[in-house]
Amino acid sequence: MASLLEVDGISASYGRMGLALDRVSLTVEAGSIVAILGANGAGKTTLIRAISGLLRLHGGAVASGRTLLDGQDVTRFSPDRIVRLGVAQAPEGRMVFKTLSVEDNLAVGAASLPRARRGERMDAIYHLFPRLAERRGQAAGLMSGGEQQMLAVGRALAAAPRLMLIDELSLGLAPLIVKAIYERLGEVVATFGTAILVVEQSARIALRYCDRAYVLEGGRVALSGTAGELSSDERMRDLYLGAAAGH
Amino acid sequence: MLGQVLFSGLALGSIYGLVALGFVVILKATDVFNFAQGMFVVCGAYLAVTALSLLGLPFPLAILFIILGAALMGMGVHAALIRPLSGRPILSIIMVTIALSIVMRAGIEILYGPAGRTLSTPLPSGGFLFAGLRISQLHLTAAAVSWLCMLAFGLFFRFTSVGLLMRAAADSHEAATIAGVKVDAMNRLAWAIGFTLAAIGGLFLGQLQIVSTELETIGLLALPAVVIGGMQSIPGAILGGLLVGVIEQLASTYISPKSADVMIYALLLVILLVRPWGLLGQKAINRV
Ligand SMILES: Nc1ncnc2c1ncn2[C@@H]1O[C@H](COP(=O)(O)OP(=O)(O)OP(=O)(O)O)[C@@H](O)[C@H]1O
Ligand SMILES: [Mg+2]
């Protein structure tokens with residue numbers, strides 16, 4: 001049976017600059033959490049954009065390779081079509097709708113669902129993030145960074161995706177909030193069977209909460225494996241986990 | 001006397017508010033400061049002439065013709081000029097709207113001739129006395145229909161799911177695209193609505209005055225209305241429209257017809273100096 005997401009040798013670039021992604025392949029199985037690690041500029045965000053059809057919006061394009069969703073080639077689909085096929089995203093920089101209320105932000109996420117399922121879906125998100133329920137009438141632009149991250153995750157979840165893409169989940173968040181969000185995501189995976197592909201700056205966090213990880217370097221996959229394999233990998237320890245690594 | 005002036009000022013102001021609302025819808029959705037809004041008003045008036053005088057359509061069909069025609073033209077302008085230029089410097093796009101208005105004016109004068117035309121519709125055109133005021137039924141109808149359209153748009157924008165998606169797209173094209181909104185379709189819809197609201201204004205202005213390309217000047221009163229009310233604000237556009245209407249009538253009655261523009265733009269200047277975000281506009285929400 002085909003994997004939920006299969007990225008098959010994707011190369012991508014922005015304009016005439018060199019390749020930002022160079023034959024990247026990765027697989028995400030249904031119900032799993034997969035991390036993408038890598039230094040600044042390694043191509044993590046570009047990979048997320050390639051999967052979600054957003055490269056063109058940023059002046060980039062897929063040069064070769066394919067992305068398959070349940071075996072269907074979606075490489076050149078428009079972003080809204082990819083969302084409707086069940087791939088939702090919490091983007092880098094959160095990008096909540098600042099002038100809209102929390103409730104309206106979630107409602108936009110849920111808009112791709114049949115009308116009858118929207119209310120129940122929103123309730124599930126408020127249940128997951130009670131903080132959002134407390135603030136439902138507030139303009140999203142006035143929320144704290146952590147709250148906006150919850151909202152960005154919530155808005156993506158509102159679309160009832162099969163696959164969630166999260167870019168820089170832990171950036172700028174207190175460790176306790178990161179922990180809380182990952183625990184919520186664990187519940188989401190357990191209850192809805194949603195798969196998650198998450199970009200992480202922190203290798204330690206990624207290996208604690210994710211099943212597998214891919215390490216990008218200069219647009220290529222330099223390392224990949226299960227969390228267990230990578231924790232004990234020497235290069236991984238030297239480059240990404242630092243001396244105090246391991247548990 | 002004053003009551004009479006206020007009545008016609010508020011009635012005309014309601015039409016200006018409607019046209020200004022169309023302007024703001026376009027501005028919010030696509031960040032385009034549309035200098036062709038005045039010609040959209042003229043187009044509405046000529047669509048009415050075409051439907052009623054040239055084609056001889058029955059009135060309800062003529063209304064449908066005007067609305068559909070205006071909506072299609074709005075979509076056409078978006079598809080042909082605005083969408084291809086998205087992402088270009090704001091000045092290029094403004095120039096394009098100015099060029100569009102000039103070309104539209106020339107096109108209309110070629111097609112219909114430069115002379116003005118009278119527009120007659122089955123709308124009631126008499127008057128009656130009420131509390132000592134002479135109420136013109138045409139003014140009253142125009143105001144009522146304008147308010148109905150503004151109310152209908154407000155409800156649509158605030159409470160329907162398409163309205164929600166339009167608000168999301170207006171907030172951020174990128175965020176909306178990521179959330180799965182068809183941003184292009186929303187922008188096209190905004191231009192259709194903006195053009196249609198202007199055209200409905202044109203239907204009434206054409207009847208209150210004479211249908212000619214000179215109506216553009218009146219249509220362009222939407223610009224000071226919007227700046228006075230608050231650029232991105234929908235209630236602001238309506239309030240601005242009403243103010244412009246009232247000031248225009250007061251100035252031309254008590255000072256001189258020519259002074260109306262001076263007074264309107266004097267208020268605009270004062271607003272820009274003391275409250276640049278307009279009466280009901282907001283200073284941008286900026287956090288994070
Ligand atoms: N819109 C763009 N136009 C041109 N080049 C870009 C654009 N976005 C990214 N790049 C380039 O592509 C490469 C990969 O960038 P990308 O944003 O994918 O990195 P990243 O791994 O997400 O980094 P970070 O951890 O800093 O977010 C970089 O060299 C970057 O300069
Ligand atoms: Mg990035």
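Letters A, B, ... mirror the listed sequences (proteins, then strands); counts begin at 1.
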Check whether any side-chain heavy atom of [X] sits under 4.5 Å from a side-chain heavy atom of [Y], and report yes or no.
{"X": "B:Met150", "Y": "B:Leu18", "result": "yes"}
{"X": "A:Arg136", "Y": "A:Leu106", "result": "no"}
{"X": "B:Thr177", "Y": "B:Val181", "result": "no"}

query = By side-chain contact (heavy atoms from CB on, under 4.5 Å), which residues pair with A:Glu6, not counting sequence neighbours?
reply = A:Thr27, A:Leu68

message = Under a 4.5 Å cutoff for heavy-atom pairs, which residue among B:Ala176, B:Ala168, B:Ser161 has the most contacts with chain A?
response =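 Highest number of heavy-atom pairs under 4.5 Å: B:Ala168.
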
Considering heavy atoms only, which positions within [range] lie below 4.5 Å of chain B?
{"range": "residues 160-168 of chain A", "result": "none"}
{"range": "residues 111-126 of chain A", "result": "A:Ala111, A:Arg115, A:Arg118"}
{"range": "residues 72-85 of chain A", "result": "A:Pro79, A:Asp80, A:Val83, A:Arg84"}

message = Using heavy-atom distances under 4.5 Å, tell me whether B:Leu165 contacts chain A through its side chain, its backbone, both, or neither.
response =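 Contact with chain A involves the side chain of B:Leu165 alone.
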
Sole candidate of B:Ile66, B:Leu68, B:Ile67 that passes side chain to side chain contact (heavy atoms under 4.5 Å, CB included) when paired with B:Leu64 =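 Going through the options one by one, the only one that passes is B:Leu68.
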
ask   = Any donor-acceptor pair under 3.5 Å linking the side chain of B:Arg275 with the backbone of B:Leu279?
value = yes

task = Give a yes or no on whether the backbone of A:Val28 and the side-chain of A:Ser32 come within a donor-acceptor separation of less than 3.5 Å.
result =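 Not a single qualifying donor-acceptor pair exists.
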
inquiry  = For the NE2 atom on A:His58, are there more than 12 heavy atoms of other groups (residues, nucleotides or ligands in this structure) within a distance under 6.0 Å?
reply    = yes

key: Heavy atoms from other residues, nucleotides or ligands near CG of A:Leu176 exceed 12 (cutoff 6.0 Å)   = no

